[in-house]
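Everything below concerns the one structure shown next.
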Amino acid sequence: MAGEDIRTYFSKQQAARPAPSIMSSTSKKDAKRPASSPPEDSKEPPAARPKTTQNEPPPEASAPGDAQPTTLKLTYHEGDIFGAPDNTVLIHACNTQGSWGAGIAAAFRTKYPQAYKAYRNHCLAQHDPKTDPVRTGTCLLIPPCETNPKTAKHWIGCLFTSAKYGKAKDKPAVILRNTAPAMRDLMRQVSEAREQDEDQPVESFRMCKINSARFGVPWERTEEVLQGIAVEEGWPESIQVWSIE
Ligand SMILES: Nc1ncnc2c1ncn2[C@@H]1O[C@H](COP(=O)(O)OP(=O)(O)OC[C@H]2O[C@H](OP(=O)(O)O)[C@H](O)[C@@H]2O)[C@@H](O)[C@H]1O
């Protein structure tokens with residue numbers, strides 16, 4: 001991404017969204033929904049949609065000749081995800097219990113102790129795993145917050161794709177169902193953060209092969225879900241997938 005104009009990296013499609021509360025998706029609007037339901041999408045209100053009959057395609061389906069929406073592209077890279085330049089968002093999958101206990105999450109905990117505190121605070125203080133759990137299908141976006149001056153200025157995107165972890169983790173189908181809304185929530189929050197504070201611009205996105213190890217979902221299934229996400233204005237059109245294998 002170095003040297004690349006970030007305006008070419010983000011989509012220029014028109015959006016019609018009001019601005020934003022940022023960083024956590026637990027907005028007042030969302031507070032009424034149950035813990036396991038994904039957030040509403042920010043598409044046009046239902047009233048604006050054409051009525052359909054049984055013989056007509058659903059409103060989401062495009063008519064013949066319509067331009068297809070741009071969908072998210074993934075590019076593949078080998079190497080250390082943590083070697084990213086400043087202003088990169090590092091994305092990983094998380095449980096809602098406040099644990100970055102193993103796998104790449106444990107590496108995040110070691111490298112970004114302040115971010116780990118922010119994640120714990122979100123799961124255990126802003127929410128409560130027993131009485132008011134973080135909703136799966138959402139994301140916590142943590143801006144660069146480390147106090148060690150040697151630590152790179154990385155944003156961290158925590159995709160809540162499973163409520164629990166270990167043997168109690170959600171089933172693959174549930175994790176996959178949570179993945180697209182969590183990623184869309186991340187995109188929305190990044191887009192809003194860029195509108196609000198130009199001093200901390202997000203310039204690129206790196207993710208590991210989320211869900212694929214401890215969460216037990218074959219990468220190809222997560223890949224298919226991510227590649228189906230329609231890109232909205234201000235969202236990145238591509239995400240880098242980094243692996244060390
Ligand atoms: N140091 C490292 N550097 C670079 N890449 C590394 C790496 N270590 C692993 N990878 C790769 O990163 C991908 C994802 O593999 P992971 O198992 O981590 O994540 P996941 O998304 O399946 O599951 C999430 C839950 O795992 C955790 O542990 P706890 O349940 O808390 O104990 C969390 O807290 C969540 O809950 C795989 O391609 C690994 O090869």
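Just so we're clear, the structure is a prediction, and the values are computed from it rather than from any experiment. Residue indices begin at 1 and follow the sequence shown. Whatever order the structure lists them in is the order used to number ligands and atoms, beginning at 1.
Partners of Q97 by side-chain hydrogen bond (donor to acceptor under 3.5 Å, both in side chains), not counting sequence neighbours: none found. Scored by the side-chain contact (heavy atoms from CB on, under 4.5 Å) test, V174 finds D170, K171, R177, N178 as partners (sequence neighbours excluded).
Listed by chain and number, A93, N95, S99, W100, G101, A102, G103, I104, A105, A107, Y165, C208, K209, I210, N211, S212, A213, R214, F215, I244, E245 each place a non-hydrogen atom less than 4.0 angstrom from ligand 1.
By the 6.0 Å contact criterion, CD on E224 is open, its count of non-hydrogen atoms from other residues, nucleotides or ligands being 12 or less. Atom OH of Y165 has 12 or fewer heavy atoms from other residues, nucleotides or ligands within 6.0 Å.
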Which atom pairs, one a donor and one an acceptor, fall under 3.5 Å between side chains of residues 102-111 and the rest of the protein, sequence neighbours left out?
| from | atom 1 | to | atom 2 | distance (Å) |
| --- | --- | --- | --- | --- |
| R109 | NH1 | W100 | O | 2.7 |
| T110 | OG1 | A106 | O | 3.1 |

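Under the side-chain contact (heavy atoms from CB on, under 4.5 Å) test applied with N211, the options T222, L159, V225 reduce to a single match, T222.
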